[in-house]
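One structure is given below, encoded as structure tokens.
Below, each value reflects all heavy atoms present in this structure, side chains not excepted, and no hydrogens, waters or symmetry copies. Quantities reported herein were computed from a predicted structural model and do not represent experimental measurements. Residue numbers count from 1 along this sequence.
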Amino acid sequence: MIGLALSGGGSRAMAFHLGCLRALNDLGLLEKVGVLSTISGGSLIGAYYAYTPHKSFSEFDDDMCQFLRFGFQKSIALELAKPMNLLKCGSNLIAYRAASTCSRIWGTQSMIHRHPSRTDMFHNVLQRDVFQNLKMSSSRRQNMDVVVGACELRQGGAFRFGNTKSGDWRRGEMVDWDVDLGFAAAASAAYPIFLPAFDRTWKFRKSGKENSHRVLIADGGVYDNLGLQVLEPGRDPNYNLHTFPCEYLIVCNAGQGQEAGTGLPVGFLPRFVRSFEIAHRRVQDSAMHRLHQMKETGQIKGFVMPYLGQQDDSLPWKPVDLVPRSEVVAYPTNFGAMSNSWIEKLSGRGEQLTRGLVEYYLGRII
């Protein structure tokens, strides 16, 4: 089985992964993918590809370019500006902050949920304009398995939505696991600094018992930005809801790679953001190292990792027309509108890297 992972990285990841998918489609590998694991921006494009079996790849490609050109910032703002949504979100925010202040004074836990919020507006936009009322159990291309990765902030672990089950290993399976595809994608992309976590109380089943738990679901990149962990061999089903027997892994990574070291994170917010980025990158580096270990120890037969932040001089080959790393690596991840030229650059690099790496390392399975 081939496992495909699409990393986080907002709109930058969406454009880069579009190019990766183009190459995989041209090489005939996309139809051989048995399981798709997605994070953040990778969840938006990956879920749209998987859950639109009625569309040709060309139609999917055109739709994705249109989503990128328009972006999601304006749609979220317009959704929030609707009088009833603005009233609900505003009143909830005031009540939540008041309750949180009282809870800190009295040493208790706030019982008011942060709901609805801007992230709920994101969910509304995705479910209406992108996924059009699809559920996690809806039909998928080649009947592939799909896992949309998020992070549960209260216990600091992975929370995953799948086409047969959803939940986490500590609480167990969600009883009502079949959530909106737009909800799963919005949760996966809810970067905590900019979008509130989904604050919900759900019923879970574990060891034959059902219990209700309050969860805070946020961007999956906080825990596993590559989406690789769920595809790794040897996962014990007693402790993991999602396990897959993958022989080959294709891990598309829209990360920036090595920093130039030109910034000066002196103020509070720059220090905070920079500290988060450093910790985030160390976790991602560890995941990339595991890929090599899995290949060396024979746990998988092979892998490729098209990497947006790859140093061009380290490639085993270099196309004459390769889109340089330096031209695209700093593109933001904020789901803003993207010009055609940027779509061409980011997707072009993804397509070039994927095609070259697959032909170089996995030529025997094409």
Side-chain angles (χ1 to χ4, degrees), residues 1-10 13-14 16-18 20-21 24 29-51 136-138 140-152 157-169 177 179 181 183-190 217-237 239-255 280 283-284 286-288 290-291 294-295 299-300 302-308 350 354:
M1 178 190 291
I2 297 177
L4 172 62
L6 302 180
S7 79
M14 291 175 66
F16 179 75
H17 296 331
L18 178 59
C20 298
L21 294 179
L24 294 175
L29 284 182
L30 205 47
E31 62 186 23
K32 299 179 182 179
V33 171
V35 55
L36 173 65
S37 173
T38 67
I39 300 290
S40 189
S43 292
L44 270 65
I45 183 172
Y48 190 76
Y49 170 75
Y51 284 87
M136 288 301 302
S137 64
S138 297
R140 302 165 309 284
R141 295 177 193 260
Q142 296 90 241
N143 201 33
M144 69 171 65
D145 284 303
V146 176
V147 179
V148 178
C151 178
E152 203 289 301
F159 195 102
R160 297 186 173 104
F161 302 93
N163 57 278
T164 58
K165 63 183 73 172
S166 302
D168 64 41
W169 75 272
W177 62 270
V179 302
L181 189 55
F183 182 93
S188 181
I217 311 296
D219 190 332
V222 174
Y223 187 83
D224 174 22
N225 195 52
L226 291 184
L228 171 63
Q229 190 178 71
V230 75
L231 303 179
E232 294 181 21
R235 287 165 56 84
D236 189 339
Y239 299 100
N240 299 280
L241 295 184
H242 302 96
T243 58
F244 304 97
C246 296
E247 297 178 301
Y248 297 93
L249 297 178
I250 300 173
V251 183
C252 302
N253 182 357
H280 183 271
V283 173
Q284 189 163 288
S286 175
M288 290 189 284
R290 290 200 309 275
L291 268 174
M294 286 185 279
K295 175 63 169 64
Q299 296 179 74
I300 57 174
F303 77 90
V304 294
M305 188 180 69
Y307 187 12
L308 182 139
T354 303

Practice prompt. Without swapping roles, check the side chain of Arg140 against the backbone of Ser138 for a donor-acceptor pair under 3.5 Å.
Written response: yes
Discussion item. With a 4.5 Å cut-off on side-chain heavy atoms, are Met144 and Tyr49 touching?
Written reply: yes
Discussion item. Could you check whether any side-chain heavy atom of Cys246 comes within less than 4.5 Å of a side-chain heavy atom of Ile300, counting everything from C-beta outward?
Written reply: no
Worksheet item: Excluding sequence neighbours, so at least two apart, what forms ring-ring contact (aromatic ring centres under 6.0 Å, His included) with Tyr48?
Response: Phe67
Discussion item. If you compare all heavy atoms of Ala218 against all heavy atoms of Ala190, which two are closest, and at what distance to 0.1 Å?
Written reply: CB-O, 3.8 Å
Fill in: Ser188: side chain to side chain donor-acceptor pair (under 3.5 Å) partners, not counting sequence neighbours
Ser43
Worksheet item: Is there a side-chain contact (heavy atoms from CB on, under 4.5 Å) between Leu231 and Val35 once you walk through the steps?
Response: CA-CA 8 Å; Leu231 303 179; Val35 55; 3.6 Å; yes
Fill in: Separation of Asp168 CG from Cys151 SG (nearest 0.5 Å)
10.0 Å
Worksheet entry | Value rounded to 0.5 Å, distance of SG in Cys20 from OH in Tyr307 | 13.0 Å
Fill in: Reported NE2-to-CG distance for the pair His17 and Leu24, which is rounded to 0.5 angstrom
11.5 Å
Response to the item:
Of all heavy-atom pairs linking Ala150 and Ile217, the shortest is CB-CG2, 3.6 Å
Worksheet item: Tell me, do Met294 and Leu249 make a side-chain contact under 4.5 Å, heavy atoms counted?
Response: yes
Practice prompt. Just do the side-chain contact (heavy atoms from CB on, under 4.5 Å) check on Phe244 and Ser37 with the steps written out, would you?
Written response: CA-CA 11 Å; Phe244 304 97; Ser37 173; over 6 Å; no
Worksheet item: With sequence neighbours left out, what residues match Gln299 under side chain to side chain donor-acceptor pair (under 3.5 Å)?
Response: Thr297
Worksheet item: From Asn240 CG over to Arg235 CZ, what is the distance, rounded to the nearest 0.5 angstrom?
Response: 3.5 Å
Item to complete: Looking only at non-hydrogen atoms, find the nearest pair between Ala5 and Leu226 and report the distance.
Response: CB-O, 3.4 Å
Practice prompt. Classify the angle between the aromatic ring planes of Phe159 and Phe161 as parallel (below 30°), tilted (30 to 60°) or perpendicular (above 60°).
Written response: tilted
Item to complete: Only counting residues at least two apart or in another chain, list the ones meeting salt bridge (Lys or Arg N to Asp or Glu O under 4.0 Å) with Asp219.
Response: none
Worksheet, complete the sentence: Residues at least two apart in sequence or cross-chain that pass side chain to side chain donor-acceptor pair (under 3.5 Å) with Glu247, listed by chain then number, are Lys301
Worksheet item: With a 4.5 Å limit on heavy-atom distance, are the side chains of Leu6 and Ile39 in contact?
Response: no
Fill in: Any Val251 side-chain heavy atom under 4.5 Å of Leu291 side chain
yes
Fill in: Any Ile2 side-chain heavy atom under 4.5 Å of Leu29 side chain
yes
Item to complete: Go through the steps to decide whether Glu152 and Arg160 satisfy the test side-chain contact (heavy atoms from CB on, under 4.5 Å), and finish with yes or no.
Response: CA-CA 9 Å; Glu152 203 289 301; Arg160 297 186 173 104; over 6 Å; no
Practice prompt. Would you check if Tyr51 and Asn163 make a side-chain contact, meaning some heavy-atom pair closer than 4.5 Å?
Written response: yes
Worksheet item: Counting only N and O atoms by type, is there a donor-acceptor contact under 3.5 Å from the side chain of Ser7 to the main-chain atoms of Ala254?
Response: yes
Response to the item:
Note: Gln229 and Asp224 closest approach over all heavy atoms is N-OD2, 3.0 Å
Item to complete: Give the minimum heavy-atom separation between Gly162 and Trp177, together with the two atoms involved.
Response: O-CZ3, 3.5 Å
Worksheet item: Listed by chain and number, what are the side chain to side chain donor-acceptor pair (under 3.5 Å) partners of Thr164, not counting sequence neighbours?
Response: none
Practice prompt. Can you measure from CG (Asn225) to CG (Asn253) and round to the nearest 0.5 angstrom?
Written response: 7.0 Å
Response to the item:
Output for pair (Met14 CE, Leu21 CG), nearest 0.5 Å, gives 11.0 Å
Worksheet item: Hey, are the side chains of Arg141 and Leu30 touching, using non-hydrogen atoms and a 4.5 Å cut-off?
Response: no
